[in-house]
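A quick write-up on the structure given underneath.
The chains referred to below are lettered A, B, ... by the order of the sequence lines, with proteins before strands, and numbering in each begins at 1.
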Number of protein chains: 2
Amino acid sequence: MTSADSGPATIETIARRAGVSIASVSRVLNGLGGRPDTVRKVQAAATELGYVPNAMARSLRGGRSGQIAFAMEDIGNPVYVAMVRRIQAVAKEAGYRLLLHSTGADREEELRALRSLADRHTEGLIISPIRITREHLDELSRAVAPVVVIGSLPEGVRLDNVRVDSRVGAAMAVAHLVGIGRRRIGFLNGPLDTVPGQARYKGYLDGLATAGLDGAELVESGQFQTDSGAEAAKRLLERVPDLDGLFCANDLIAVGALRALREAGRRVPDDVAVVGMDDTELARVTWPTLTSVGLGSARRGELAAELLVDRLGEGRDREPRWVSVTPELVARESTRS
Amino acid sequence: MTSADSGPATIETIARRAGVSIASVSRVLNGLGGRPDTVRKVQAAATELGYVPNAMARSLRGGRSGQIAFAMEDIGNPVYVAMVRRIQAVAKEAGYRLLLHSTGADREEELRALRSLADRHTEGLIISPIRITREHLDELSRAVAPVVVIGSLPEGVRLDNVRVDSRVGAAMAVAHLVGIGRRRIGFLNGPLDTVPGQARYKGYLDGLATAGLDGAELVESGQFQTDSGAEAAKRLLERVPDLDGLFCANDLIAVGALRALREAGRRVPDDVAVVGMDDTELARVTWPTLTSVGLGSARRGELAAELLVDRLGEGRDREPRWVSVTPELVARESTRS
DNA sequence: ATGAAAGCGCTAACAG
DNA sequence: CTGTTAGCGCTTTCAT
């Protein structure tokens, strides 16, 4: 340890120690060959000094940070957990580190996440916005690095995009309830001014129409959350005592509904059959276990990550791609007939 | 838009446009004053060009990346979700970005996370290792940047550390079961060769001893997961048909146990009362709702983040701090007498 | 108050 | 095959 250098080793430290130039050090360390003798000396020095390349310097020089980010509303929602898991896996596989933005319900935070691409600490972004405003679209079109959107985009937006037709999924849920003989089918929705809120509401109406039912007055909306779901269920039960089927716009709402139904003394599925949406981990944990329409959250995360990774590599100039995932109903006890 | 420059604006672009030196640009942009005239010109140019400082260059120059990381086993576990949420919040508040390492069950990955501090892309790390081996300790002591450990550390390790005495928590669970008149109290544990597995097992024994009970043969171990918990519960029920109380080493195991109990036709809490641990979101979702010993996951995440942020700032040379959180039993339906 | 210049650590082009 | 050198974009002396 003759190292009179302070701080961590750099290529310069190594160069001095090995008696070669910094260029040779760089070459050897990047596997670009060299005289066997040189290679040996450099490697020895690097090992002895415990050299690790400085990622910041590399990034600045190479113009690539090796980082991507995922922005979602709240990691507390199991849907996002499923996405993060797969995104993480794909990112790591491709040699990217993953950053997390939790935007909360705050629209402004989402925009900030988009704008922050400009400082180049991140090479690309996956974003799953719950609302898509004019501002979002402006900011998206102005983004200085690749962005993949998880969620539906208006026609004509030229961005990589992973979607699922939750309208169809919602219709499937209703069809399933109809299939087991339910006729008074309610719907607990999230906020109507969100993309998923809109789509699921339309799907619910589609499902009813197909079955020749009318459900105009069987809808309650609130937040996409458990407590809100419980309250909405309570309101609906009071208004519609003869309810026999219930579709919930996500599993969190459904969990709240199950609670409210129990407290109201209704048996599930005997009195009221319940279907959730997203098919999260929760669906297997409740009692009765929850029938739910899976929207492939894990798969969407994975696809989004793959799209992004591709665009950051090979696919730099590819046309924007719109990929979609098919909803799938998973029947469990809450609709066992 | 006379900008003949390619790529994003830099201080140099601005300097040319404003007719000043790059040094002045830097000063103005960092609020270090200047002649009113200069300030105005620079700000105008910056705005027009949509200038955003390059984070990589800043980092390299300043030696600070503005990033911290959190390494845990699997974001799928609600305990970590709770931690991430708070860590995220504290990090953002303090101006740090948050990186996520999912290490899986892989020991090697944890070590990699620690070693990766050396490349300086991250200023500090919060790690919640499930096992602490000799290698971990070596690597921890060798870490080139501040590390905060969530979990218990052997005496004498000089590292910031947030802990909770889950041994005491486990004893509380048993005491609670005893308190509602249970005498044949089983324990479903995770792997015994993990830190939490050890502590909770000891706490279980403590609890029994205090009550003058013997439970040597009422233990099953598996993984800290739902399916594993269900299987373990099944095994235990076969071996010990007169079981009347059950403590589970975490909520995931407890959820599995509830399922197994139901399948075996046992009523909860009438036949068997159940207590989980961690008091995750799950505990409020199951039926019956699950009594669980909270270990302050959210709080631990928050504290860890605060310790780290402090050490990266003011507290650079502070003595290592060991903070602890107190377990708290939250009684719910699964132990209603 | 301002500009010139050095340098953070690295890679790559260019000579030799 | 190897060394010298020029930057990547920024902050910060050091003169002026």
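- With sequence neighbours excluded, no residue forms a side chain to side chain donor-acceptor pair (under 3.5 Å) with A:D106.
- The overall bend of the helix from C:dA1-D:dT16 to C:dG16-D:dC1, read as the angle between its terminal helix axes built from five base pairs each, is 50° when rounded to 10 degrees.
- Here salt bridge (charged side-chain N to carboxylate O under 4.0 Å, His left out) pairs that include residues 85-95 of chain B, with residues two or more places apart or in two chains, are A:D74-B:R85, A:E109-B:K92, B:R86-B:E302.
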Counting primed atoms plus P, OP1 and OP2 as sugar-phosphate and everything else as base, spell out the protein contacts along nucleotides 6-16 of chain D at 4.0 Å heavy-atom distance: B, S or - for each nucleotide, 5' to 3'. BBBBBBBB---
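- Under the rule for a side chain to side chain donor-acceptor pair (under 3.5 Å), the partners of B:S26 that lie at least two apart in sequence or sit in another chain are B:N30.
- Partners of A:S324 under the side chain to side chain donor-acceptor pair (under 3.5 Å) rule, at least two apart in sequence or in another chain, do not exist in this structure.
- With sequence neighbours left out, B:R321 forms a salt bridge (Lys or Arg N to Asp or Glu O under 4.0 Å) with B:D160, B:D310.
- For DNA chain C, the span of nucleotides reached by chain A at under 4.0 Å from its heavy atoms goes, 5' to 3', from C:dG9 to C:dA13.
- Listed by chain and residue number, B:E319 satisfy the salt bridge (Lys or Arg N to Asp or Glu O under 4.0 Å) test with B:R158 (two or more places apart in sequence, or in another chain).
- With sequence neighbours excluded, no residue forms a side chain to side chain donor-acceptor pair (under 3.5 Å) with A:D317.
- Scored by the salt bridge (Lys or Arg N to Asp or Glu O under 4.0 Å) test, A:R134 finds A:D138 as partners (sequence neighbours excluded).
- For B:R131, the salt bridge (Lys or Arg N to Asp or Glu O under 4.0 Å) partners at least two apart in sequence or on another chain are B:D193.
- Within 6.0 Å of atom CD in B:E314, 12 or fewer heavy atoms from other residues, nucleotides or ligands are found, so the atom counts as exposed in its surroundings.
- Backbone-only contact: B:T38 has heavy atoms under 4.0 Å from sugar-phosphate atoms and none from a base.
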